[in-house]
Amino acid sequence: MPELPEVENARTVIARAGLHRRIVDVDDHDTWVCRPHPPGQIRAALVDRELTVAHRRGKSMWCETSEDGPVLGIHLGMSGKIVVADADGTEVDGGDYWERGRAAGDYRYARFALTFADGGRLMLVDPRRLGRIRLDPPIEELGPDATAITPEQFRAMLGRGTAPVKARLLDQHAVAGIGNLLADDILWRAKVHPGRPVDELTTDDVSALLRATRYAIRTSVRDGGVHTLGSLKLRGPDGRCPRDGSPSEHGVYGGRTTWFCPVDQRR
DNA sequence: TATAGTGTTATCGG
DNA sequence: ACCGATAACACTAT
């Protein structure tokens with residue numbers, strides 16, 4: 001269930017195991033995941049080419065292809081994973097990132113796959129089909145990547161409007177790469193209430209939010225996931241604030257369940 | 001058995 | 001036109 005760190009891991013899986021291999025077949029029959037492309041369109045565009053570079057911005061990935069081919073956009077959605085397997089189905093890379101209880105070689109949720117000349121495959125495995133594969137994705141519509149955002153860009157991103165700050169942090173057009181758990185961690189760390197309208201943030205709030213964003217993104221990427229974030233302790237009916245031990249509260253902001261400390265994070 | 005969910009986007013309303 | 005809220009997508013975990 002990817003946040004930015006897991007997407008970066010997936011990008012490295014592609015970079016390690018999916019580049020410079022001739023594509024001989026493409027399974028693009030899932031027209032929901034591959035929308036708006038009709039079946040066969042992505043296949044026709046990729047067969048006999050290779051992936052040459054794997055990029056990431058926020059939670060979106062894209063690969064350049066050989067011979068001035070199209071760009072292949074990959075988004076993992078909420079349940080997608082990249083798995084590279086050998087011709088016999090043995091996982092070569094990405095296979096350690098998997099839900100419990102799956103039998104080895106069970107690719108029933110592969111929604112898209114590239115087959116290489118040696119029979120190996122690169123798959124988007126995605127039970128919920130919330131992931132997305134498309135040609136020439138509109139990367140330029142994304143905000144600056146959360147790992148590289150400058151203070152000026154950060155201030156501009158929060159800038160105008162009446163949106164709850166949590167909703168703005170989740171807006172991939174404003175800043176790319178902050179998901180629900182990272183947003184809660186950033187707000188908790190900065191001691192800002194998730195429902196505060198962005199145009200009511202003080203200069204100190206903005207500074208604290210920038211520092212918290214830097215910290216949360218850096219440490220979660222370093223740890224390979226968001227599982228080490230302190231704010232996770234806020235979640236659930238028995239959730240408590242790791243700083244002061246007070247019971248957490250929750251609500252919906254920006255359409256997502258939000259857990260916060262009512263003592264630290266006042267309106 | 002019922003409900004919520006680490007994401008995005010089309011659509012609707014103000 | 002801009003901004004924000006909501007539903008939908010399909011399956012799993014609790």
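When reading the values below, keep in mind they use all heavy atoms of this one structure, side chains included, and skip hydrogens, waters and symmetry mates. Numbered from 1 within each chain, the chains take letters A, B, ... in sequence-line order.
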>> For Leu76(A) versus Pro2(A), what's the shortest heavy-atom pair and its separation?
In response: CB-CG, 3.6 Å
> To the nearest angstrom, how far is Glu6(A) atom CD from dG5(B) atom P?
Replying inline: 18 Å
>> Between Thr257(A) and dA4(B), is there a contact of a side-chain N or O with OP1 or OP2 at under 4.0 Å?
In response: no
> Closest to the Trp32(A) side chain: dA5(C), dC9(C), dG4(C)?
Replying inline: dC9(C)
> Counting side-chain heavy atoms from C-beta on, which of dG4(C), dG7(B), dT9(B) comes nearest to Arg132(A)?
Replying inline: dT9(B)
>> Can you measure His173(A) atom NE2 to dC2(C) atom P for me and round it to whole angstrom units?
In response: 13 Å
> Does a side-chain N or O from Gln172(A) land closer than 4.0 Å to OP1 or OP2 of dT8(B), or not?
Replying inline: yes
> Where the side chain of Pro164(A) is defined as all heavy atoms beyond and including C-beta, which of dG7(B), dA5(C), dC11(C) is the nearest nucleotide?
Replying inline: dA5(C)
> Does a nitrogen or oxygen in the side chain of Arg256(A) sit under 4.0 Å from OP1 or OP2 of dG7(B)?
Replying inline: yes
>> Quick check: any donor-acceptor pair below 3.5 Å linking the side-chain of Arg128(A) to the base of dG7(B)?
In response: no
> What integer number of Å spans the P atoms of dT3(B) and dA7(C)?
Replying inline: 15 Å
>> Between Thr202(A) and Asp204(A), is there a side-chain donor-acceptor contact under 3.5 Å, judged purely by atom types and distance?
In response: no
>> Regarding Arg108(A), tell me which of base, sugar-phosphate or nothing describes its non-hydrogen contacts under 4.0 Å with the strands shown.
In response: nothing
>> Rounding to an integer number of angstrom, what distance separates dT6(C) and dA4(B) when you compare their P atoms?
In response: 15 Å
>> For Arg128(A), is there any backbone N or O sitting under 3.5 Å from a side-chain donor or acceptor partner on Ser79(A)?
In response: yes
> Below 4.0 angstrom from OP1 or OP2 of dT12(C), is there any side-chain N or O of Tyr109(A)?
Replying inline: yes
> Mind checking whether His193(A) and Tyr253(A) have parallel, tilted or perpendicular rings, split at 30° and 60°?
Replying inline: perpendicular
>> Expressed as a whole number of angstroms, how long is the span from Arg111(A):CZ to dC9(C):C1'?
In response: 11 Å
>> With a cut-off of less than 4.0 Å, is there a side-chain N or O of His75(A) near OP1 or OP2 of dG7(B)?
In response: no
> What's the CD-P distance between Glu3(A) and dT8(B), to the nearest Å?
Replying inline: 9 Å
> To the side chain of Lys59(A), which of dT8(B), dG5(B), dT12(C) is closest?
Replying inline: dT8(B)
>> Without decimals, in angstroms, what is the distance between Arg35(A) CZ and dA8(C) P?
In response: 15 Å
> Taking a pair as Watson-Crick or G-U wobble with both distances under 3.5 Å, which nucleotide is matched to dT12(C)?
Replying inline: dA4(B)
>> Expressed as a whole number of angstroms, how long is the span from Leu232(A):CG to dG5(B):P?
In response: 14 Å
>> Check whether Ser60(A) reaches the backbone of Arg56(A) with its side chain - one donor and one acceptor, N or O, closer than 3.5 Å.
In response: no
> Within this structure, what is the CG-to-P distance between Leu181(A) and dG7(B), rounded to whole angstrom?
Replying inline: 7 Å
